[in-house]
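Below: the structure, in structure tokens.
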Amino acid sequence: MNRIHKLHGSNHHEIGLEHGSLHVFANDEVFGTFEDRVYEMADNNLRIPRSVYMSYTPDAHIGIGTCIGTTAVWGLKDGFVSPSIVGVDIGCGMRVHTTPLHKRDIQDKGVRRALIRAIEKYVPTNERKNSNYEDIDVMEVVQHGLQGLPERYVPGERWLTHVEQASFAFDPAALEYLPPNIRKNAHGQLGTLGSGNHFCEIQYLEIAEEHKDTAAAWGLFDGQVVVMIHSGSRAWGAMLGREYTQVIRGAMQSWGVTNPDPNVIYAPIGSTEGRTYLNLMNSALNFAVSNRHMIAFGVQEAFREVFGPQMELPVLYDLMHNYALKEFHRNQGMLVHRKGATRALPPKHYMNTPAYMATGHPALIPGSMGTSSYIMVGRDEGIKNFYSICHGAGRLRSRRATKQAVTVDQFEQSLKVGTEDEILVNHRSLAAILDECPQAYKDVDQIIDSVVGAGLADVVAKCRPMAAIKGL
DNA sequence: ATGTTC
């Protein structure tokens, strides 16, 4: 494939491909690791007409149809929406709750083990379909997001305000076209973690000296214990995504639209298919934000069981990295797809939720198990990438390849098993989650260095893992 | 990612 390479400044590359240009944000070390296949995928996606902008963050890696780590933008008037650029885990995202605890309060392994056990009790991880909240009407939640939750599950106003978006518009006319089993399968899944890379981690903060004012404004302090949650829309989003991908695939055939990659799926935003997809996607975003809310509710219950009923875990922020959002840029309405990309708005940007208007909002970036996660804040310069930064370390090896390349011993070493600083895990057997070991991921510090060096965002706090709860 | 793959 012909490629024309331009360098726009530190860590910002523009690659001219056959069907348009792709921006890549990566330092030299990470940039050198991108293989031909990720450029081929971008080129196939650039065949979708009238693309305004497309980019990779440094964590980009192969996905179905579109790389995970893609930001892709179309004008609302004449643009396209693509279920394959949203991805299969619609509404997947991050959430952080602070605690009043210092890391020394939970340094004792017995205390941390008690916390893990308590969290497992309130946040089901290894059994399917056993939510503790079967009294919640899932249909209310998918239509109204957090507004659809019963009041007894909203511990405070802050739980509704410190989120990227509490509720997404959903037209109930679509209810009669839902896949037949979706209610049955999604019922009982609210407040459950799911599997794969989803997790709940207990971490402590290292505040970045240059941004300690922002950290203080957010209520963060050095050594503070926080809880980070990574989960999505579970079966609800998966079933909708799969079904509607097939619908649009059929529509593309009837329109005579083809792509070299059969997994690149798209429809005009204004078409019946496009509008219906966005409507259904919104129901999955509502499920996803409510699911993370209920996981956090369970985590707070668990902390109360261990530390007493007065324990409060205020939400820092909840935001997603798999969706397509209508945003206003360059004086016009745009549809911004983020597939494994996180919005990071700078201070004073109008799209900030009011609570974070002055400072910009926390952008929550997970590492891999055993490595650091990050709490970041966007910079004004981030506009060059439509305020998108990375979504994590990014997978380096497939699950299969990881299981072949890495031993359980090596995994144990990376978790410092047997030492005072051991990162405790809920699973008795690490073999079961070997495909989630740090060796399966890129070096998150290189990813963060790429983002900071490109001027997209700054680090406010580094989050060091102390205990991890993973689903199966 | 997912009650998983026509």
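Letters A, B, ... mirror the listed sequences (proteins, then strands); counts begin at 1.
- Using a 4.0 Å heavy-atom distance criterion, A/G194 is classed as a sugar-phosphate-only contact.
- Note: CD (A/Q189) to C1' (B/dT2) measures 9 Å, nearest angstrom.
- Between A/S231 and the choices A/D89, A/N291, A/T192, the side-chain hydrogen bond (donor to acceptor under 3.5 Å, both in side chains) rule is met once, by A/N291.
- Phosphate proximity of B/dT2 to A/R242: absent, as no side-chain N or O sits under 4.0 Å from OP1 or OP2.
- Under the 30°/60° scheme for interplanar angles, the aromatic rings of A/F25 and A/H23 are found to lie parallel.
- Rounded to whole angstrom, the span from the CG atom of A/L472 across to the P atom of B/dT4 amounts to 18 Å.
- The distance between atom CG of A/N185 and atom P of B/dT4, rounded to the nearest whole Å, is 7 Å.
- Within a 6.0 Å radius of CZ in A/R400, no more than 12 heavy atoms belonging to other residues, nucleotides or ligands are found.
- Atom NZ in A/K184 sits about 17 Å away from atom P in B/dT2, given to the nearest Å.
- The distance between atom CD1 of A/I182 and atom C1' of B/dT2, rounded to the nearest whole Å, is 11 Å.
- Rounded to an integer number of Å, the gap from A/Q253 CD to B/dC6 P is 18 Å.
- Contact annotation for A/G196: backbone-only contact, meaning every heavy-atom pair under 4.0 Å involves sugar-phosphate atoms and none involves a base.
- Mapping A/M239 and A/D89 onto DNA chain B by nearest heavy atom places A/D89 closer to the 5' end of the strand.
- A/R399 comes within 4.0 angstrom of sugar-phosphate atoms only, judged by non-hydrogen atoms across all strands, and of no base.
- Contact detail for A/N45 and A/W74: the closest heavy-atom pair is O-CZ2, 4.4 Å.
- In this entry the distance linking CG of A/L193 with C1' of B/dT2 reads 14 Å, nearest Å.
- Note: CG (A/D435) to C1' (B/dT2) measures 15 Å, nearest angstrom.
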